[in-house]
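All remarks here apply to the structure that follows.
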Amino acid sequence: MKCAIILAGGKGTRMKSEMPKVMCEVLFEPMLAYVLRAVKEAGCEDVCVVTGYGSEIVESYLAGSVKTCLQSPQMGTGHAVMAAGDFINEHLADDIVILCGDNPMMSPTEINNAYEYHKKGGNAITLISAIADSTEGIGHVKRDASGRLIAIVEHKDANDEEKKIRESNAGTYWFSGEKLKWALSKISNNNSQHEYYLTDCLEILIKAGENAGAYVCQNNETVLAANDRLQLNALNTIMRRNINERLMLSGVDIPCTDGVIIGNEVKIGAGTRILPNTIILGATVIGSGCTIGANSYIKDSVIGSNVTLDNVKITDSTVADGVTCGPFVHIRANSRIEKNVHIGNFVEVKNSTLGAGTKSAHLTYIGDSDVGQNVNFGCGTVTVNYDGTNKHRCKIGSNAFLGCNTNLIAPVEIGNSAFTAAGSTITDNVPENALGVARARQVNKKDWVLKKKPYKWQKQQ
């Protein structure tokens, strides 16, 4: 059985944030989220997150989805793993991967490749390493003449020859559960920082005659982490590039990647075009043949095929095939837009269903409403859904025609094929095929301007 311990207790002082470091975001998701997904996709059946600084924030985010334990105070990586002692005791017969929660680039593929290397070598410990471009500040992976792993040498402790070693410790380890427990019992904090280092387990296990190995990652970017905002920005840039390239290779058209940010979980069909300054996040699914953007934002929504969204914001909603929206459209949570609906500029839809073929060309608010098919919303129509205390729903039948500047005072129902006259404030139901007129008769007061002189220029005469 494969298990995972994720170290998520660091403050991240250099981030200059009140948030725990692992909660700093890459593409609008905490770094911790990527690590959790990676270990689960790698087949780890049980996961423990070690919290520390800001533990209540991390616990709230996890919401009981995995096991947790608290490291208090924070006294090094080895001490963090010791805090998961109960979890280790549950998995003495299993293999445990230990990762840092600020390493969002770690992939399930590399985790499993390292695991296969670990099992094939019969290792008590296998660390993941990478070939670094710069040797400054890294933990150098030292091997003997035969290539056998013998030590990790921190840069500050390395001699001139050791500093030339480009193989770097990535901070991810596979352990035999039983050997991990034993090695942890032997480490000490007899060092300048008075901390317990997980890397000491390597020397302890090697001296005890146990097998140890280092698996070299195929992709150096996999081991990247972030300690400050500059490094976090670099991770965002790499992650954004990787996702965009993966989508383009699958047939998604991104003619210019400027400002295009697409989340790791987003799915987009071939032949869809993504235009600049478009952000697509969460569990969003987009069909084929669409044009999305420019300047659109979509989160946790389902978009059908052959949809056009121009400068549109959509959250937690569903948009069916053939819909056209924009520019400047806001579709809020729990909305469903059926096939071939047209929504034009400056229209907002909230918690509503719009039936197939319905049109709202401009300047309309549709909130808490159930709208039938082929309805026409005139310019300036408003469903008045809030009475100051409660929200109420409107029901609008198929083929209805709502004249410009109609106010529907919910709860109210407009029947099939009914009309409302322009400028009407509708407070009662309008039956099927009826015309609803709710406005005062016009009165023209002769010479009123000459008598009242309301204009500035008149007062100056």
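Atom set for the values below is all heavy atoms of this structure, side chains included, hydrogens, waters and symmetry mates excluded.
The 12-atom threshold is exceeded at CD of Glu41, counting heavy atoms of other residues, nucleotides or ligands nearer than 6.0 Å. Sparse packing is recorded around CG of Asp86, with 12 or fewer heavy atoms of other residues, nucleotides or ligands lying under 6.0 Å away. Within 6.0 Å of CZ on Arg393 lie more than 12 heavy atoms contributed by other residues, nucleotides or ligands. A 6.0 Å sphere centred on CG of Asn190 holds no more than 12 heavy atoms belonging to other residues, nucleotides or ligands. Counting non-hydrogen atoms of other residues, nucleotides and ligands closer than 6.0 Å to NZ of Lys40 gives a total above 12. Within a 6.0 Å sphere centred on NZ of Lys339, other residues, nucleotides and ligands contribute 12 heavy atoms or fewer. Atom CD of Glu210 has more than 12 neighbouring heavy atoms from other residues, nucleotides or ligands inside a 6.0 Å radius.
Scored by the ring pair (Phe, Tyr, Trp, His ring centres under 6.0 Å) test, Phe87 finds His91 as partners (sequence neighbours excluded). For Ser134, the side chain to side chain contact (heavy atoms under 4.5 Å, CB included) partners are Glu136, not counting sequence neighbours. Scanning for side chain to side chain contact (heavy atoms under 4.5 Å, CB included) contacts around Asn233 gives Thr237, with sequence neighbours left out. Contacts of Tyr115 classified as ring pair (Phe, Tyr, Trp, His ring centres under 6.0 Å), with partners at least two apart in sequence or in another chain: Trp174.
In terms of modelled atom types and a separation under 3.5 Å, the side chain of Ser296 and the main chain of Lys313 share no donor-acceptor contact. Checked by atom type and distance alone, the side chain of Ser301 never pairs as donor or acceptor with a backbone atom of Ile298 at under 3.5 Å. Although no hydrogens or angles enter the test, the distance criterion places no donor-acceptor pair under 3.5 Å between the side chain of Ser176 and the main chain of Ala124. At least one donor-acceptor pair under 3.5 Å links the side chain of Thr364 to the backbone N or O of His362.
Electrostatic pairing of Glu162 and Lys164 does not count as a salt bridge here, judged by no charged N lying under 4.0 Å from a carboxylate O. The existence of a salt bridge linking Asp46 and Lys67 is confirmed by a sub-4.0 Å separation between a basic side-chain nitrogen and an acidic carboxylate oxygen. In this structure, Glu161 does not pair ionically with Lys142, as no charged nitrogen and carboxylate oxygen lie closer than 4.0 Å.
The ring-ring contact (aromatic ring centres under 6.0 Å, His included) pairs that include a residue from residues 13-54 number zero, where partners must be two or more places apart or lie in different chains. The ring-ring contact (aromatic ring centres under 6.0 Å, His included) pairs that include a residue from residues 310-333 are Phe328-Phe346, where partners are two or more places apart or lie in different chains.
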(request) Kindly indicate, with the supporting measurements, whether the criterion side-chain hydrogen bond (donor to acceptor under 3.5 Å, both in side chains) is fulfilled by Asn334 and Lys350. (result) CA-CA 7 Å; Asn334 303 316; Lys350 172 250 180 185; over 6 Å; no
(request) Evaluate the criterion side-chain hydrogen bond (donor to acceptor under 3.5 Å, both in side chains) for residue pair Glu195 and His79; output intermediate values, then yes/no. (result) CA-CA 7 Å; Glu195 292 187 345; His79 184 257; over 6 Å; no
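Residues Tyr215 and Glu116 have side chains that never bring a donor and an acceptor to within less than 3.5 angstrom of each other. The closest side-chain donor-acceptor pair between Thr68 and Glu59 falls under 3.5 angstrom.
For the pair Asn295 and Thr278, the minimum side-chain heavy-atom distance is 4.5 Å or more.
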